[in-house]
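To start, the structure itself, in structure tokens.
Predicted model only: the values in this text are computed from it and were never measured. Whatever order the structure lists ligands and atoms in, that order sets their numbers, starting from 1.
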Amino acid sequence: MGESIAAGLDQSAGSLELRADCGRCFGLCCVAPAFVRSADFAIDKPAGQPCPNLATTSFDCSLHDRLRKKGFGGCAAYDCFGAGQHVAQGTFGGRDWRAEPELAGPMFAAFGVMRQLHELAWYLRSALEYRPGDPLAAELTSALERTARYAGLGPAELAALDVAAHRDQVNPLLLRTSELLRSRDGSPGPDLRGADLTGRDLTSKDLRRASLRGAQLIGARLQNADLRLADLTGADLRGADLTGADLRGALFLTQSQLDSAARGPDDGPA
Ligand code: SF4
């Protein structure tokens, strides 16, 4: 984040960690959510039950270096945006659900809410980094500070928080940011919000300044596509081929989206 933006935020918003640090978490993403067997998860698992691949004497994954090979590509692409270590070390002060089983329910519930708050904070911070200018920047800053205040609540308050209502207030701001940026120096690109482009051949397609918010791009062929300044909020890029795609300035593109895209022959063993 640029110095001037960081300086304008209150301390809690500025210091909110939005990158996962699994070493300070208690495996919350491996226990709290339910899994449904699919191409991304090799097993079914109910919410609140530890994944059988989670070590029993630590919070490490026994498959961490071969998740995709073993059918757990969803884990490799998952991002908690730092919510895991926040709940583990902040909200619950380093107490873990294994040593104190009575904490499991409240901790897993808090993680579900915190993950949403940290994700919203990531989008808001990204929006500010795009420097949209006032009055939008002021509104984004205020929303980020509010999000950080919510993230600082205790377990009971988090459980009672109407995070959906907060998201409904934040989303229009992010949408306005996207529209502003995509039309700032020219006409916005095609509106493909929510489009089902699964498996489509979009090779070398001009998608500059397009809105691809929530678009289904699973397995799409995007080789050499021009995605500069395209809004990729929540776009499903699982298995998409981005070889040679121009992603400079792409908006709201997360590392987990990139990680979920097709892996080339030099991408390693997972
Ligand atoms: S496979 Fe590994 S990373 Fe995925 S949920 Fe299980 S323990 Fe966690």
### Query
Taking the side chain as C-beta and beyond, is there a heavy-atom pair between L174 and F252 under 4.5 Å?
yes

### Query
Quick one: does D60 get a heavy atom under 4.0 Å from ligand 1?
no

### Query
From atom 2 (Fe) of ligand 1 out to just under 2.8 Å, does an N/O/S atom of C61 turn up?
yes

### Query
Can we say R115 and E119 salt-bridge, meaning some charged N sits less than 4.0 Å from an Asp/Glu carboxylate O?
yes

### Task
Check whether any N, O or S atom of C75, backbone or side chain, sits closer than 2.8 Å to atom 8 (Fe) of ligand 1.
no

### Query
Of all the atoms in ligand 1, which lie at a distance below 4.0 Å from a heavy atom belonging to C51?
1 (S), 5 (S), 6 (Fe), 7 (S)

### Task
Report yes if some heavy atom in the side chain of L207 is under 4.5 Å from a heavy atom in the side chain of L192; otherwise report no.
yes

### Message
Among all the protein's non-hydrogen atoms, which is closest to atom 8 (Fe) of ligand 1, and how far away is it?
### Response
C30 SG, 2.3 Å

### Heavy-atom gap F35 to ligand 1 smaller than 4.0 Å
yes

### Task
Could you list the atoms of ligand 1 found under 4.0 angstrom from a heavy atom of L67?
1 (S), 2 (Fe)

#### Entry: Heavy-atom closest pair, residues A77 and S260
CB-CB, 3.9 Å

### Task
Output the list of atoms in ligand 1 that are nearer than 4.0 Å to some heavy atom of N53, sorted by atom number.
1 (S), 6 (Fe), 7 (S)

### Query
Salt bridge between R213 and D231, side-chain N to carboxylate O under 4.0 Å?
yes

### Message
Let me confirm one number: the CG-CG distance from L28 to L54, rounded to the nearest 0.5 Å.
### Response
10.0 Å

